[in-house]
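This report refers to the structure that appears directly beneath it.
Both backbone and side-chain heavy atoms feed into the values below; hydrogens, waters and symmetry mates do not. Lettering follows sequence order; numbering is per chain, from 1.
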Amino acid sequence: MNIVVPVKLVPDLVEDLEIDESGITLDTSWLRLILNEVDEHALEQALLLKEAHGGTASVISLDGEGVDDVLFSSAAKGVDHLIKLTGLEFGDDLNNHAVARLYGAIVERLEPELVLIGVQAHNDLDGSLGPLLAEYVGMPYVGYVSGITVTDGKCRVLKEYPGGLIAEMDVVLPAVLGVQAAEAPPRYVAISRIRQAMKTVSLDEQAAADPDSGGGPTIDSMFKPETGERATMIAGDEEEVAAKIVDLLGELGKV
Amino acid sequence: MNQDIHVVVEHLRGQVADITYVALAAARGLAAGSGGSLAAVLLGHNDEGLAGDLGADRVLYIDDPALADFNPEHYAGALTELISADPPRCVLFGDTSMGAETAGILSARLDLPLVSRCRSVDTANGALSFVSQICGGKILVEGALPEPVSLVTMVPGHYQPEEGRGAVAPEVIQTSISPRVAGRVTFNAYLEPAVGDIDISSVSVLVAVGRGIANEDNVEMAEELAEALGGAVCGSRPVVDQGWLPTTRMVGKSGKRVKPDVYLALGISGAPEHVEGMSGSELTIAVNTDVGAPIFDVAQYGSDVDLLDLLPVLIEQVQAAKEG
Ligand SMILES: Cc1cc2nc3c(=O)[nH]c(=O)nc-3n(C[C@H](O)[C@H](O)[C@H](O)COP(=O)(O)OP(=O)(O)OC[C@H]3O[C@@H](n4cnc5c(N)ncnc54)[C@H](O)[C@@H]3O)c2cc1C
Ligand SMILES: Nc1ncnc2c1ncn2[C@@H]1O[C@H](COP(=O)(O)O)[C@@H](O)[C@H]1O
């Protein structure tokens with residue numbers, strides 16, 4: 001079972017986001033990029049399937065700050081093949097259509113049975129990578145997946161709907177699946193093992209083709225939402241805050 | 001090519017999703033601006049009965065056994081034919097488990113620009129535009145809806161579903177389209193959510209924990225507080241994905257929608273996917289060490305104390321107040 005996991009780095013939302021002078025893109029000078037959270041789940045699911053069925057797992061990423069760490073930590077977790085596309089970086093105003101085409105070309109060369117990808121990222125203005133990639137490489141796509149079982153070249157997936165309802169679907173391989181949650185929480189890997197991977201595993205660096213962003217909208221302006229009424233902040237330490245919360249609960253007859 | 005606006009109806013087991021009415025409400029304004037008419041596109045099998053309260057000028061109905069339950073391949077197949085045969089100005093979907101992937105597949109297949117996660121769509125002098133939210137709603141993006149045809153997915157919260165319901169049943173036009181079924185994706189069955197646990201959507205005091213709760217052991221403190229308040233514990237998606245709470249306790253887009261009298265949000269950042277499930281709460285009190293966290297846009301009261309310091313004190317004070 002050969003599995004490819006294309007990953008995406010996204011701005012860390014804990015940090016303040018600033019819009020640059022052009023007014024149509026984020027100011028990247030302060031931007032901290034982190035691995036898209038659902039990509040961690042896609043990676044975990046790939047490792048679980050690899051452990052159950054053998055085969056290889058490959059991770060593909062564009063270049064950018066923090067990318068080597070992401071790649072080496074996935075190697076430390078058990079990924080066999082680390083592919084880094086060079087010449088373009090996350091944040092280079094590449095839309096997902098362009099990234100899907102770049103990743104698509106590599107997926108076609110690797111010919112995996114499964115491509116597991118995070119179901120979405122918070123900056124997918126022109127759609128999520130998964131369905132775009134699937135269509136460019138001519139594979140079926142199912143997203144919002146939180147369970148995958150493979151038997152006899154066929155794959156059974158659990159697709160989530162709101163409220164906890166799940167649809168069980170069969171998908172013919174090869175396929176692209178948009179992972180919402182892995183069957184186990186993403187594993188932890190010790191820094192020492194990541195350091196070791198840095199010494200022993202090599203990055204397969206490949207020059208990215210010219211990007212083609214066709215299929216996405218153009219942006220006229222980017223701005224921060226007007227904040228409506230913010231919460232009244234309760235002053236004081238935890239004793240005082242607790243007292244105020246008890247007051248509020250008391251007013252509603254809850255204590 | 002015409003100037004019509006299409007809304008693809010999302011339905012699950014005989015029920016039209018709220019997001020469809022939201023999209024219809026948004027589409028009404030677009031159709032007025034584009035000068036076209038508004039069509040709801042209903043895909044299903046023996047589902048004509050769902051058309052009755054769709055607030056559209058007409059319903060284009062595609063009936064086929066392959067559309068009895070949602071299947072991304074079959075939906076995309078049917079819509080490929082419908083859109084190619086007579087391309088409308090704009091096709092709206094929900095940004096959901098069904099809509100997001102259908103729109104994505106079509107965007108790549110038909111080479112049509114897709115604008116996802118739109119809060120609103122607008123029209124001025126016939127020019128159609130969008131406002132979309134990215135980065136968890138921290139950034140908004142504005143632009144023109146590309147001509148001649150664009151695909152859009154809508155997020156909830158910015159149009160009232162009621163505005164998308166029609167007073168009179170629209171005309172239903174059955175199309176002759178049948179999805180070309182490649183057989184790559186097959187729907188088997190629905191698996192029901194687990195039963196037996198309490199239903200958090202009918203609890204009046206909810207103690208909600210997010211990733212800030214840090215580990216499974218700390219969830220016990222939240223349980224203790226909930227018990228003292230006669231309420232229940234619920235949580236954000238990461239807490240459930242970690243296995244610290246059962247799936248039945250998840251609040252949000254993929255979990256439950258709750259409307260308690262009091263929602264105590266502890267260590268929850270307030271991502272749109274979470275807020276979608278709790279914005280109807282009567283009173284929200286948020287505790288988060290990050291004063292910039294979006295949850296404070298939703299809460300009426302807040303504090304930036306450490307929730308792990310607060311919980312023991314709060315439990316004690318609530319217990320004292322009850323005894324007192
Ligand atoms: C398709 C899809 C569907 C989703 N559906 C849902 C859904 O149904 N429900 C849902 O909740 N999420 C859902 N999500 C995930 C969502 O996008 C967010 O990732 C999630 O809501 C974040 O959870 P959180 O607030 O607990 O964690 P975080 O965003 O990590 O926030 C933790 C917060 O805790 C604060 N904190 C940390 N330590 C402390 C402390 N000691 N004291 C006080 N505060 C502290 C931090 O400042 C931070 O703001 C979905 C995502 C996707 C892609
Ligand atoms: N298999 C593929 N892998 C990568 N990119 C592709 C693939 N097929 C099509 N594309 C790209 O997708 C865009 C639209 O292609 P098409 O759907 O063939 O018009 C073009 O820019 C192609 O370069």
Side-chain angles (χ1 to χ4, degrees), chain A residues 11 13-14 17 120 122-128 131-132 135-136 140-144 159-172 178 181 185 215-225 227-228 230-234 237-239 241-243 245-246 248-250 252 254-255, chain B residues 12 72-73 97 100-101 103-105 107-109 111 113-116 132 134-136 138-144 146 184-191 193 205 229 241-243 247-248 253-254 256 261-262 283 285-286 290 296-297 299-303 305 309-310 313-314 317-318 321-322:
Chain A
L13 297 184
V14 173
L17 302 176
Q120 65 167 55
H122 64 59
N123 60 357
D124 293 339
L125 178 64
D126 62 327
S128 18
L132 300 174
E135 195 58 30
Y136 289 141
Y141 178 83
V142 177
Y144 284 66
K159 177 177 174 63
E160 290 192 358
Y161 292 129
L165 184 71
I166 284 177
E168 184 194 85
M169 294 186 181
D170 283 336
V171 186
V172 171
T218 4
I219 298 174
D220 289 338
S221 69
M222 190 178 264
F223 53 100
K224 295 189 181 183
T227 44
R230 298 272 294 175
T232 304
M233 295 306 268
I234 306 168
D237 64 8
E238 51 272 8
E239 292 285 346
V241 171
I245 293 176
V246 171
L248 290 167
L249 291 167
L252 295 170
K254 304 295 175 190
V255 289
Chain B
L12 188 58
E73 196 169 47
S97 185
E101 64 201 56
I105 292 169
S107 173
R109 180 178 300 172
D111 201 12
L114 165 60
V115 193
S116 59
S132 163
I134 57 171
C135 299
K138 285 189 158 185
I139 300 286
L140 300 183
V141 166
E142 197 172 33
R184 300 186 301 181
V185 180
T186 323
F187 167 83
N188 289 338
Y190 292 112
L191 311 181
V205 179
L229 291 167
D241 284 343
Q242 283 295 327
T247 314
T248 44
K253 183 185 175 88
S254 25
K256 290 232 165 84
D261 296 339
V262 182
L283 173 70
I285 306 171
D290 172 12
F296 293 123
D297 291 329
Q300 287 78 39
Y301 289 90
S303 163
V305 296
D309 295 335
L310 176 71
V313 182
L314 187 55
Q317 288 200 19
V318 167
K322 295 208 113 170

Residue, of A:Thr227, A:Asp124, A:Leu252, that accumulates the most heavy atom pairs under 4.5 Å with chain B
A:Asp124
Contact leader toward chain A among B:Gln300, B:Lys256, B:Lys322, where contacts are heavy-atom pairs under 4.5 Å
B:Gln300
Among the listed options B:Leu314, B:Val205, B:Asp290, B:Leu229, the residue most often paired with chain A at heavy-atom distances under 4.5 Å:
B:Leu314
Pick from A:Val255, A:Leu165, A:Val246: which one has the most heavy-atom pairs with chain B under 4.5 Å?
A:Leu165
In terms of heavy-atom pairs under 4.5 Å, which option from A:Gly216, A:Gly178, A:Gly143 contacts chain B the most?
A:Gly143
Counting distance only, does the side-chain N/O of A:Lys159 pair as donor-acceptor with the main-chain N or O of B:Ser97 below 3.5 Å?
yes
Within the structure provided, determine whether B:Leu283 and A:Leu249 are in side-chain contact (heavy-atom separation under 4.5 Å).
no
Does the side chain to side chain contact (heavy atoms under 4.5 Å, CB included) test come out yes or no for A:Met233 and B:Phe296, once each step is laid out?
CA-CA 9 Å; A:Met233 295 306 268; B:Phe296 293 123; 3.7 Å; yes
Sequence neighbours excluded, the answer for ring-ring contact (aromatic ring centres under 6.0 Å, His included) partners of B:Tyr190 is B:Phe187
Please walk me through it: do A:Lys254 and B:Val262 pass side chain to side chain contact (heavy atoms under 4.5 Å, CB included)?
CA-CA 9 Å; A:Lys254 304 295 175 190; B:Val262 182; 4.2 Å; yes
Give me the atom names and distance for the closest heavy-atom approach of B:Lys138 to A:Pro225.
O-CD, 3.2 Å
Given the options B:Ala100, B:Ala103, B:Gly143, which has more heavy-atom pairs under 4.5 Å with chain A than any of the others?
B:Gly143
Quick check: do A:Lys224 and B:Ile139 have side-chain heavy atoms less than 4.5 Å from each other?
yes
If one checks every heavy atom of B:Glu101 against chain A at 4.5 Å, the contacting part turns out to be both
With a 3.5 Å distance limit and no angle check, can you tell me whether B:Gln317 reaches the backbone of A:Glu239 through a side-chain donor-acceptor pair?
yes
Applying a strict 4.5 Å limit to non-hydrogen atoms, the region of A:Thr218 in contact with chain B is backbone
In terms of heavy-atom pairs under 4.5 Å with chain B, which of A:Ile234, A:Val14, A:Ile219, A:Asp237 leads?
A:Ile234
Separation of B:Ile285 CD1 from A:Leu248 CG (nearest 0.5 Å)
4.5 Å
Decide yes or no for B:Pro113 and A:Asp126: does some side-chain heavy atom of the first lie under 4.5 Å from some side-chain heavy atom of the second?
no
Hey, does the side chain of A:Thr232 reach the backbone of B:Tyr301 with a donor-acceptor pair shorter than 3.5 angstrom?
no
Given side chains that start at C-beta, do those of A:Met222 and B:Glu142 come closer than 4.5 Å, heavy atoms only?
no
Which residues pass the side chain to side chain contact (heavy atoms under 4.5 Å, CB included) test with B:Ser107, sequence neighbours left out?
A:His97, A:Leu132, B:Leu114, B:Leu151
Checking B:Ala321 against chain A: side chain, backbone, both or neither under 4.5 Å from a heavy atom?
side chain
Select one option (side chain, backbone, both, neither) describing which atoms of B:Val115 are under 4.5 Å from chain A's heavy atoms.
both
Between B:Ala189, B:Gly243, B:Ser132, B:Pro72, which residue shows the highest count of heavy-atom pairs closer than 4.5 Å to chain A?
B:Ala189
How many angstroms lie between atom CG of A:Leu17 and atom SG of B:Cys135, to the nearest 0.5 angstrom?
5.0 Å
Between A:Arg230 and B:Asp297, is the side chain to side chain contact (heavy atoms under 4.5 Å, CB included) condition met? List the steps.
CA-CA 5 Å; A:Arg230 298 272 294 175; B:Asp297 291 329; 2.7 Å; yes
Among A:Pro140, A:Gly127, A:Pro162, the residue with the most heavy-atom pairs under 4.5 Å to chain B is A:Pro140
For a quick test of reading the model, state the closest non-hydrogen atom pair linking B:Val305 to A:Glu238 and the distance between them.
CG1-N, 4.2 Å
Is it the side chain or the backbone of B:Val185 that comes within 4.5 Å of chain A heavy atoms, both, or neither?
both
Of the backbone (N, CA, C, O) and the side chain (C-beta and beyond), which part of B:Leu310 lies under 4.5 Å from a heavy atom of chain A, both, or neither?
both
From B:Leu140 CG over to A:Phe223 CZ, what is the distance, rounded to the nearest 0.5 angstrom?
4.5 Å
With a 4.5 angstrom heavy-atom cut-off, is it the side chain or the backbone of A:Leu13 that approaches chain B, or both, or neither?
both
Spacing of A:Tyr161 atom OH and B:Ser254 atom OG [to the nearest 0.5 Å]
13.5 Å
Heavy-atom nearest pair, A:Ala231 first then B:Gly302, reads CB-N, 3.9 Å
Is the shortest distance from a Lys or Arg side-chain nitrogen in B:Lys253 or A:Glu160 to a carboxylate oxygen in the other one below 4.0 Å?
no
